[in-house]
Amino acid sequence: MVRSRNYNEAEVLAGAMDAFRREGYAGISIPQLETATGLSSGSIYNSFGDKRGIFLAAFEHYLEAVLGRRIARFAGREAGLSGLRQLFLSMLREPNGETFGCLITNSAIEFGAKGEIVEDAILKGFRILERLFVERLSEAKSSGRLRGDVDPKDEAVKLLALYQGVLVLVRGGYELKAIKRAINHEFDGIDGAQHDA
C-alpha cells in the first residue's frame, strides 16, 4: 500500500535543489538533505528511494520551476532575438544576490564524462536550451531578423556554449560588465537588423 505524502513536494524539492546547487551531489549528506527539505531520512528514502532519487527529482524540479520559468519570462515565442538576449542578460542578476549557479551546469562540471548518475538529466537540460535557441533563431531567420549567413542550428550550439560559460563565470565571480559586453557582442553580431542598418 502506498502511503500518502503529508508535505508540500514543491517546497521539499526546492530545498533539495538549492542544497545540491550550493554543495553539489557529492558534497551533500542525508542529514544535510534533512535540514534542507524538512524531511526525516526515513521520509526521504520512502519518497525518493535514495540520494540519487531525490537528486533526480530536484533536477526535474529545477528544469520546470527555474529554467522553465526563466524561459517563459524572457524568451517566449513572441520575444524573438531580443528575448533571447534578455534571457542571457538575466543570468547576471540572480535572485537575492545568490550565486548557487545552474544545476545543469554545476552537475555537468561535477560529473563530467562520468555522469552515469545524472547523464540523461544533464543532457535533457542541454536539449531544452538548444531546442529553444533553434526555435527562436529559426523564427528570426524566417522574419528576416537573423543575419542571413547565420545557420540557426550551428548558432544554437554556439549559444548553448555561451550560456553555460556565462553561468560558470558568474558563479566564479568574474566581472559582470565584461560578461555583459560579451553577450551583447554575440547578439549584435547575429542581429540582421543591425547589419542592414
Side-chain angles (χ1 to χ4, degrees), residues 14-28 36 58-59 61-76 79-113 115 118 121-137 140 145-147 149-195 197:
M17 174 190 77
D18 286 343
F20 284 121
R21 287 171 73 194
R22 279 193 308 271
E23 306 297 334
Y25 182 84
I28 285 286
F59 199 101
H61 180 77
Y62 179 85
L63 294 181
E64 294 173 12
V66 177
L67 181 61
R69 190 175 297 144
R70 179 168 262 164
I71 289 170
R73 180 176 177 194
F74 295 104
L81 274 186
S82 61
L84 275 190
R85 185 192 298 252
Q86 291 310 309
L87 174 68
F88 276 72
L89 293 172
S90 76
M91 294 186 290
L92 305 178
R93 304 178 305 275
E94 285 298 310
N96 306 317
E98 299 164 346
T99 55
F100 297 164
C102 166
L103 192 55
I104 304 165
T105 311
N106 295 353
S107 300
I109 292 169
E110 179 176 5
F111 292 103
V118 294
I122 293 168
L123 289 175
K124 181 178 180 181
F126 289 159
R127 299 263 190 276
I128 289 170
L129 287 164
E130 186 179 11
R131 274 195 307 271
L132 169 72
F133 299 156
V134 169
E135 286 173 9
R136 295 298 165 273
L137 292 166
R145 184 65 194 266
L146 189 69
R147 206 180 71 212
D149 61 337
V150 175
D151 178 85
K153 290 183 181 177
D154 291 341
E155 183 64 25
V157 176
K158 188 175 177 184
L159 288 181
L160 179 61
L162 178 62
Y163 190 94
Q164 296 304 311
V166 165
L167 289 164
V168 172
L169 291 175
V170 169
R171 180 143 197 209
Y174 198 80
E175 182 189 352
L176 296 182
K177 286 182 180 178
I179 303 172
K180 183 177 181 179
R181 283 196 303 271
I183 292 168
N184 283 324
H185 179 74
E186 180 62 27
F187 280 94
D188 288 347
I190 63 173
D191 190 332
Q194 292 203 24
H195 283 262

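What you are looking at is a predicted structure, and each value in this text was computed from that prediction instead of being measured. Count residues from 1 along the sequence.
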Go through the steps for Leu84 and Tyr163 under the test side-chain contact (heavy atoms from CB on, under 4.5 Å), then give the verdict. CA-CA 11 Å; Leu84 275 190; Tyr163 190 94; over 6 Å; no
Nearest 0.5 Å please: distance from the CD1 atom of Ile71 over to the CD atom of Glu64. 11.5 Å
Side chains of Leu89 and Asn184: does their closest heavy-atom pair fall under 4.5 Å? yes
Identify the two heavy atoms, one from Ala156 and one from Val134, that lie closest to each other, and give their separation to 0.1 Å. CB-CG2, 3.4 Å
Side-chain heavy-atom pair Leu167, Ile104 within 4.5 angstrom cut-off: no
State, yes or no, whether a side-chain contact exists between Leu169 and Leu176 at a heavy-atom distance under 4.5 Å. no
Between CD on residue Glu130 and CG on residue Leu123, distance to nearest 0.5 Å: 10.5 Å
Correct closest heavy-atom pair for Leu63 and Leu67 would be O-CB, 3.5 Å
Flag side-chain contact, heavy atom, 4.5 Å: Phe133 against Lys158: no
Hey, is the main chain of Gly101 close enough, under 3.5 Å, to the side chain of Arg21 for a donor-acceptor pair? yes
I'd like to know if the side chain of Glu110 reaches the main chain of Tyr25, judged simply by a donor and an acceptor atom lying under 3.5 Å from each other, with no hydrogens or angles considered. yes
Looking only at heavy atoms, which two atoms of Phe88 and Leu159 are closest? And how far apart? CZ-O, 3.4 Å
Taking 4.0 angstrom as the limit, do Arg85 and Asp188 come out as a salt bridge? yes
Donor-acceptor check, side chain of Arg70 to backbone of Val66, threshold 3.5 angstrom: yes or no? no
Rounded to the nearest 0.5 Å, how far does CE of Met91 lie from CD1 of Ile183? 5.5 Å
Tell me, with the steps shown, if Arg145 and Asp191 meet salt bridge (charged side-chain N to carboxylate O under 4.0 Å, His left out). CA-CA 6 Å; Arg145 184 65 194 266; Asp191 190 332; 2.7 Å; yes
Value rounded to 0.5 Å, distance of CG in Asn106 from CD in Gln164: 9.5 Å
Just checking Tyr62 against Phe20, ring centres under 6.0 Å apart? no
What's the separation between atom CZ in Arg147 and atom CG in Leu81, rounded to the nearest 0.5 Å? 11.5 Å
How about Lys153 and Val157: do any of their side-chain heavy atoms sit closer than 4.5 Å? no
Judged by atom type as modelled, is there a donor-acceptor pair below 3.5 Å linking the side chain of Arg171 to the main-chain atoms of Phe100? yes
Would you name the heavy atoms of Ala75 and Leu132 that are closest together and state the gap between them? O-CD1, 3.7 Å
For a quick test of reading the model, state the closest non-hydrogen atom pair linking Phe59 to Ser107 and the distance between them. CE1-OG, 3.7 Å
